[in-house]
Amino acid sequence: MSSYIHDTISYLKQSSPAQTEFYQAAEEVLSSLKPLLDRNPKYQKHNIIQRIVEPERQILFRVAWVDDRGNVQVNKGYRIQFNSALGPYKGGLRFHPNVNAGIIKFLGFEQIFKNSLTGLPIGGAKGGSNFDPKGKSDNEIMRFCQSFMTELFRHVGDTIDVPAGDIGVGGREIGYLYGQYKRLTGHYEGVLTGKGLNWGGSLVRTEATGYGAVYFAQNMLAERGDSMAGKVCAVSGSGNVSIYTIEKLYQVGAKAVTASDSNGMIYDERGIDLDLLKQVKEVDRARLSRYAEQRPGTVYTPVENYPTGRNGVWTVPCDAAFPSATQNEVNAEDAATLLKNGCKCISEGANMPSSAGAIDQFLAAGIAYGPAKAANAGGVATSQLEMSQNAAMLQWTFEEVDAKLKRIMENIYRTASETAKEFGQPGNLVLGANIAGFRKVADAMIDQGVV
Ligand code: NDP
């Protein structure tokens with residue numbers, strides 16, 4: 001390990017203890033940068049590495065709210081404003097019981113380079129809470145969101161910091177957060193993205209991350225003289241990203257045969273029934289086992305029956321895999337199984353879904369591997385298109401936004417691929433995406449002086 005990586009990770013472990021996921025994300029990015037740093041001493045002269053791993057601002061707050069039985073509940077709230085060299089802070093809010101400072105920090109760190117890669121003027125941030133939306137009534141969700149925004153509103157704004165959704169934060173939550181922001185500030189402005197279509201939202205935002213991950217896969221395969229048509233695909237998760245990945249897979253002539261949630265997975269050899277999946281997840285907000293109950297012939301496997309230490313989804317033979325649930329859901333053994341079963345393409349919808357051991361195997365095998373910060377950037381890119389429409393008080397058509405999304409995904413692919421070639425590692429999109437994302441932010445930081 002090069003000394004700058006070793007020194008930085010040691011410093012982070014000592015200064016920010018117990019943030020495992022953040023060290024993992026930092027090490028992955030830093031490991032890619034060596035060829036760039038060797039060629040350009042200016043980045044070390046300006047101490048960019050030490051500055052970029054330190055968030056510009058971290059806001060940690062109490063979120064107190066009252067449940068339906070009248071009991072007072074307390075959760076932690078976070079907003080980590082990581083880097084604003086390229087534009088206002090931008091990144092989602094995650095509501096999930098396992099949220100902690102290390103998880104929000106890894107997500108915010110990744111967001112810096114992802115946002116840079118989109119070519120759009122947005123900085124990197126992330127936020128959220130250890131609140132668990134599962135099993136809560138609509139009124140409880142509303143009271144929680146209102147309390148969360150009652151602190152957050154003083155730190156965000158349409159040219160300051162523009163949060164969006166992530167795990168556990170969809171259209172309903174964005175609506176409640178927006179309503180409270182408007183009540184507190186009196187401003188009807190684009191402070192959040194993922195808004196409802198009749199009050200400032202953008203067409204295609206809901207679909208963007210999933211559609212983008214499939215566009216990215218198409219670009220990777222096209223350069224190899226292949227296409228998505230006829231591909232059998234394994235998809236994990238059954239939330240926003242997974243559902244619209246599956247929708248786009250059908251549109252491009254591929255077939256998704258799996259989906260999962262935190263309780264288990266479904267395997268439907270005929271292809272996932274998308275209408276039923278949407279009904280179960282988006283309308284009924286039920287567990288995935290209900291899909292299997294309603295569609296005979298589906299194989300449902302609960303998490304307890306997965307092979308020990310493994311994710312059952314990756315045991316299903318497939319041509320392409322779309323991890324779309326959460327971090328570290330593909331470990332080294334999962335990766336080995338995917339490769340053994342002939343998987344030729346991985347496009348990451350989730351953030352950091354693959355462990356370092358899994359990534360090493362994908363790269364060594366030379367398959368088409370699209371790392372998250374490139375492959376799932378369609379979501380934040382379309383959020384920025386929502387900001388543009390809000391600023392211009394316009395609404396573009398579905399076709400216009402989708403065409404822009406497609407072009408952005410192609411540009412991200414080209415940038416990552418050409419940067420990998422420039423640094424002598426053609427096909428290594430991890431290296432290409434990290435160097436290209438970093439270089440733009442680092443150059444802007446140097447231009448803007450020591451701040
Ligand atoms: P949703 O909340 O809509 O869906 C999340 C899905 O993943 C659910 O099926 C959930 O199951 C499952 N899941 C979450 N945590 C775990 C876990 N610890 N173990 C097993 N399954 C889990 O979130 P999104 O679809 O929005 O986000 C999915 C991933 O995509 C995340 O990594 C997110 O950061 C990333 N992403 C999202 C973007 C967006 O635009 N929404 C943009 C870019 C990246 P259950 O319901 O049982 O919890």
Side-chain angles (χ1 to χ4, degrees), residues 21 25 90-99 103-104 106-111 114-115 117-118 124 126-128 130-136 163-174 192-194 202 204-213 216 235-246 258-266 277-278 280-282 284-291 302-303 306 310-314 322-330 347-354 370-386 405 409:
E21 290 84 359
K90 184 93 197 83
L93 297 172
R94 174 177 291 191
F95 293 169
H96 191 278
N98 77 5
V99 160
I103 287 185
I104 298 297
F106 112 67
L107 289 163
F109 186 69
E110 285 283 294
Q111 198 81 42
K114 179 189 313 198
N115 292 3
L117 273 176
T118 65
K126 200 80 187 190
N130 61 352
F131 173 72
D132 186 358
K134 278 198 205 83
K136 303 290 189 300
D166 191 79
I167 292 177
V169 179
R172 171 180 60 170
E173 291 74 19
I174 294 289
L192 293 160
T193 55
S202 173
V204 196
R205 177 60 190 92
T206 304
E207 296 85 352
T209 308
Y211 278 21
F216 197 84
V235 178
S236 63
S238 50
N240 172 267
V241 177
S242 318
I243 287 174
Y244 293 95
T245 294
I246 294 172
T258 63
S260 65
D261 63 15
S262 51
N263 295 103
M265 63 170 282
I266 52 171
L277 183 67
K278 284 186 177 177
V280 168
K281 283 294 169 182
E282 294 185 335
D284 304 342
R285 295 180 187 275
R287 302 279 78 204
L288 205 49
S289 48
R290 184 174 299 174
Y291 176 105
V303 168
Y306 288 179
R310 305 280 306 281
N311 183 338
V313 174
W314 314 126
F322 292 81
S324 310
T326 193
Q327 63 273 1
N328 290 324
E329 56 169 322
V330 186
S347 188
E348 295 183 338
N351 282 308
M352 203 169 75
S354 304
K373 65 172 72 64
N376 75 24
V380 72
T382 309
S383 274
Q384 201 281 342
L385 300 179
E386 181 172 331
L405 169 63
M409 296 314 297

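Please read these numbers as outputs of a predicted model, since none were measured by experiment. As the structure lists them, so they are numbered: ligands from 1, and atoms in each ligand from 1.
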- prompt: Does Val380 offer a backbone N or O that forms a donor-acceptor pair with the side chain of Thr382 under 3.5 Å?
  reply: no
- prompt: Can you tell me if Glu348 and Ser354 form a side-chain donor-acceptor pair at under 3.5 Å?
  reply: yes
- prompt: Is Glu386 salt-bridged to Arg205, going by a charged N under 4.0 Å from an acidic O?
  reply: no
task: Could you name the protein residues that come within less than 4.0 Å of ligand 1, counting only heavy atoms, and order them by chain and residue number?
output: Arg94, His96, Lys134, Asp166, Ile167, Gly168, Arg205, Thr209, Gly237, Ser238, Gly239, Asn240, Val241, Ser260, Asp261, Ser262, Arg287, Ser324, Ala325, Thr326, Gly349, Ala350, Asn351, Asn376
query: With distance as the sole criterion, is a donor-acceptor pair present between the side chains of Asn376 and Asn351 under 3.5 Å?
result: yes
- request: Under the side-chain hydrogen bond (donor to acceptor under 3.5 Å, both in side chains) rule, what do Lys281 and Ser242 come out as? Steps first, then yes or no, please.
  value: CA-CA 11 Å; Lys281 283 294 169 182; Ser242 318; over 6 Å; no
task: Identify, with sequence neighbours excluded, every residue that meets salt bridge (charged side-chain N to carboxylate O under 4.0 Å, His left out) alongside Arg94.
output: Asp166
